[in-house]
Amino acid sequence: MEPVERIRAVAERVARDYGLEIWDIQNRRETHGQVVRILIDRPGPAATAEESVSVDDCARVSRDLSAVLDVEDVVPGAYTLEVSSPGLDRRLVKESDYARFVDNLVKIQTRVALQQQKVFKGRLRGIQD
């Protein structure tokens, strides 16, 4: 199993205990060492501040996840763990991400230009093949 998959498996267990889900995981070497970034989110529309991920949510997941990662030696050696919310400018990656944000304003950037344009802004009306 790849390191990110092992981290995801542990992170999903911890996040689920708090009614949260994993939005994204990054595991990379940076100038100051190994960094593991976990983005957590609350399932559903999260339309209000009370429904959004809080600083306390991030702290709880960080504390518990750090302990499990260390005990299970998922990330060998020293690393920095960062747990945060994906925020309003989150990247939509999976099909379910797009489905969740139907009828919301979005900015979509394509790899290949379509009619000489790569960036599109508007309301996401739905998803198709």
Side-chain angles (χ1 to χ4, degrees):
M1 187 182 291
E2 292 293 317
V4 170
E5 292 171 0
R6 293 179 61 216
I7 294 167
R8 180 177 297 281
V10 172
E12 285 176 347
R13 287 192 333 241
V14 172
R16 193 175 20 243
D17 287 345
Y18 294 106
L20 301 167
E21 65 185 11
I22 301 303
W23 185 267
D24 194 19
I25 294 178
Q26 298 173 354
N27 178 30
R28 60 178 59 161
R29 176 142 315 275
E30 295 186 359
T31 56
H32 61 279
Q34 189 72 20
V35 177
V36 176
R37 284 191 185 90
I38 310 288
L39 300 177
I40 59 174
D41 200 17
R42 190 168 310 285
T48 66
E50 294 79 30
E51 296 169 329
S52 298
V53 172
S54 69
V55 173
D56 289 338
D57 290 327
C58 294
R60 283 190 292 267
V61 170
S62 178
R63 181 189 60 242
D64 292 357
L65 181 56
S66 178
V68 177
L69 290 174
D70 290 347
V71 167
E72 295 185 12
D73 197 28
V74 175
V75 183
Y79 65 94
T80 299
L81 176 63
E82 297 176 2
V83 177
S84 64
S85 163
L88 293 175
D89 292 334
R90 65 186 68 206
R91 290 179 51 226
L92 304 181
V93 179
K94 303 175 292 208
E95 184 176 328
S96 61
D97 300 342
Y98 287 89
R100 177 176 171 188
F101 290 98
V102 165
D103 291 329
N104 283 275
L105 294 175
V106 296
K107 177 176 92 174
I108 296 181
Q109 184 171 350
T110 62
R111 289 189 180 116
V112 178
L114 303 170
Q115 298 177 354
Q116 300 178 342
Q117 187 175 349
K118 285 187 171 186
V119 178
F120 301 87
K121 295 180 183 180
R123 190 163 301 278
L124 181 60
R125 293 292 181 202
I127 55 174
Q128 287 184 296
D129 299 328

Would you be so kind as to tabulate the donor-acceptor pairs closer than 3.5 Å made by side chains of residues 108-117, with sequence neighbours excluded?
residue : atom : partner : partner atom : Å
T110    : OG1  : V112    : O            : 2.7
T110    : OG1  : K118    : O            : 3.4
Q117    : NE2  : V119    : O            : 2.5

Without placing hydrogens or testing angles, list every side-chain donor-acceptor pair under 3.5 Å for residues 58-71, not counting sequence neighbours.
residue : atom : partner : partner atom : Å
R60     : NH2  : D57     : OD1          : 2.7
D64     : OD2  : Y18     : OH           : 2.4
D70     : OD1  : Y79     : OH           : 2.7

Does the salt bridge (Lys or Arg N to Asp or Glu O under 4.0 Å) test come out yes or no for D103 and R125, once each step is laid out? CA-CA 5 Å; D103 291 329; R125 293 292 181 202; 3.6 Å; yes
Set out, in order, the CA-CA distance, both residues' side-chain angles and the distance that settles side-chain contact (heavy atoms from CB on, under 4.5 Å) for K121 and V106, then state yes or no. CA-CA 6 Å; K121 295 180 183 180; V106 296; over 6 Å; no
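For residues 24-39, the pairs satisfying salt bridge (Lys or Arg N to Asp or Glu O under 4.0 Å) are E30-R37, R37-E82, with sequence neighbours left out.
F101 and Y98 fall within the same hydrophobic cluster, defined by Ile, Leu, Val, Met, Phe, Trp and Tyr side-chain heavy atoms under 4.5 Å apart, directly or through other members. Placement of V75 and I22 within a single hydrophobic cluster is found when ILVMFWY residues are connected by side-chain heavy-atom separations under 4.5 Å, directly or transitively. Taken together through direct or relayed side-chain contacts under 4.5 Å among Ile, Leu, Val, Met, Phe, Trp and Tyr, F120 and V102 form parts of separate hydrophobic clusters.
Residue I25 holds its CD1 atom at 6.5 Å from CD1 of I7, rounded to the nearest 0.5 Å. Rounded to the nearest 0.5 Å, atoms CG (L124) and CG (L105) are 10.0 Å apart.
The minimum heavy-atom distance linking N27 with V36 is given by the pair OD1-CG2, 3.5 Å.
Note on D41 versus R90: salt bridge recorded, some NZ/NE/NH1/NH2 to OD/OE distance being below 4.0 Å.
When each of R100, R42, R13 is paired with E21, the salt bridge (charged side-chain N to carboxylate O under 4.0 Å, His left out) condition holds for R100 and for no other.
Between Q34 and T80 there is no side-chain heavy-atom pair separated by less than 4.5 Å. In this structure, E95 and I127 have side chains that are in contact, with non-hydrogen atoms separated by less than 4.5 Å. The side-chain heavy atoms of S84 and L39, taken from C-beta on, include a pair separated by under 4.5 Å.
Under the 3.5 Å distance criterion, the side-chain polar atoms of W23 are left unmatched by any main-chain donor or acceptor of I38.
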